[in-house]
Amino acid sequence: MRNDIRGRRRLVGDVYVRPAVMRWIRAPIIGVLTGIVGGLGTFVFSNTDVSPIAGDPKLALILIVASGVYTHLFAADLRESFTAAGIAFLVGAVVCIGAWVWPVYALGYTGVLAELVGAPRLRNGVVNVITIYLMVFGASYLTTLSLAATQE
């Protein structure tokens, strides 16, 4: 039994994983979790009517900045950081656009009415991903990456 776990790292409990497999597991997990936070932060910032944050809607920008910062800080090395950042951006974009478009299908619009109502919401989601999420997430991630590089 001892020879089976040699060269592996403990993941959870009695589950042991090889370091190469651990890299393939960690980067997507980090990317998905930080992407969900960033995507929802983008949606909340751009759609203040549904904002659960009382007061200034700019507080939702903290979620986007935090997702960019933690994407790099949670990663073990630079390769994992780049992979997690790419996954985080894609997941965040899908979450933000999905949050904009989801009410059209949840309320049961069909046919021409779904196209009339869904097209502007899809446009809003894509514009918010490009103008808010890309800029804020990218700036916070690259700033953290630069500051971490000066510390090493």
Side-chain angles (χ1 to χ4, degrees), residues 9-148:
R9 293 186 350 204
R10 175 176 251 154
L11 182 62
V12 175
D14 290 333
V15 177
Y16 291 90
V17 179
R18 292 187 180 123
V21 174
M22 185 70 138
R23 182 175 296 132
W24 285 98
I25 293 172
R26 281 178 49 98
I29 290 173
I30 293 168
V32 166
L33 293 178
T34 57
I36 289 171
V37 170
L40 288 177
T42 304
F43 175 71
V44 168
F45 176 73
S46 62
N47 195 0
T48 57
D49 296 338
V50 296
S51 175
I53 301 173
D56 193 10
K58 292 180 183 173
L59 293 174
L61 287 176
I62 294 172
L63 293 173
I64 307 168
V65 170
S67 71
V69 169
Y70 285 122
T71 298
H72 178 68
L73 293 181
F74 286 155
D77 58 358
L78 195 58
R79 174 184 284 172
E80 187 174 291
S81 175
F82 284 156
T83 305
I87 293 170
F89 179 76
L90 292 176
V91 168
V94 167
V95 166
C96 181
I97 293 170
W100 272 101
V101 176
W102 177 76
V104 173
Y105 298 103
L107 295 174
Y109 293 125
T110 58
V112 176
L113 188 59
E115 291 179 16
L116 288 174
V117 174
R121 294 186 67 84
L122 180 63
R123 185 195 66 229
N124 288 340
V126 171
V127 167
N128 289 329
V129 164
I130 293 170
T131 59
I132 299 169
Y133 187 57
L134 178 63
M135 300 296 179
V136 177
F137 176 82
S140 64
Y141 174 74
L142 292 175
T143 301
T144 306
L145 189 66
S146 300
L147 291 175

Minimum heavy-atom distance Cys96-Gly39, with the two atoms named: CB-O, 3.7 Å
Pairwise distance CG(Leu40) to CG(Leu63) - rounded to 0.5 angstrom: 8.5 Å
Min side-chain heavy-atom separation Ile132-Ile64 under 4.5 Å: yes
Val126 vs Trp100 side-chain heavy atoms within contact, under 4.5 Å: no
Side-chain touch Ile30/Thr83, heavy atoms, less than 4.5 angstrom: no
Verdict with reasoning, Phe82 to Leu145, per side-chain contact (heavy atoms from CB on, under 4.5 Å): CA-CA 10 Å; Phe82 284 156; Leu145 189 66; 3.7 Å; yes
Separation of Leu33 CG from Ile87 CD1 (nearest 0.5 Å): 11.0 Å
Interatomic spacing from CZ in Phe43 to CD1 in Ile97 - rounded to 0.5 Å: 12.5 Å
pair Val69-Tyr141: side-chain heavy atoms closer than 4.5 Å: no
Side chain proximity check, Val127 to Ile130, heavy atoms < 4.5 angstrom: no
Qualifying salt bridge (Lys or Arg N to Asp or Glu O under 4.0 Å) pairs, either residue in residues 79-108, two or more places apart: Arg26-Glu80
Minimum heavy-atom distance between Thr144 and Ser140, given as atom pair plus value: OG1-O, 2.8 Å
Closest contact, heavy atoms only, Thr34 versus Ala88: OG1-CB, 3.4 Å
Where Pro120 and Val117 come nearest, the two heavy atoms and their spacing: CD-O, 3.5 Å
Distance-only donor-acceptor check, side chains His72 and Ser81, under 3.5 Å: yes
Where at least one partner belongs to residues 116-137, residue pairs that pass side chain to side chain donor-acceptor pair (under 3.5 Å), sequence neighbours excluded: Ser46-Asn128
side-chain contact (heavy atoms from CB on, under 4.5 Å) evaluation trace for Val65 with Phe137: CA-CA 6 Å; Val65 170; Phe137 176 82; over 6 Å; no
Minimum heavy-atom distance between Ala60 and Val44, given as atom pair plus value: CB-CG1, 3.8 Å
Leu147 and Thr143, any side-chain heavy atoms less than 4.5 Å apart: yes
From Ser67 atom OG to Ile62 atom CD1, the distance as rounded to the nearest 0.5 Å: 12.0 Å
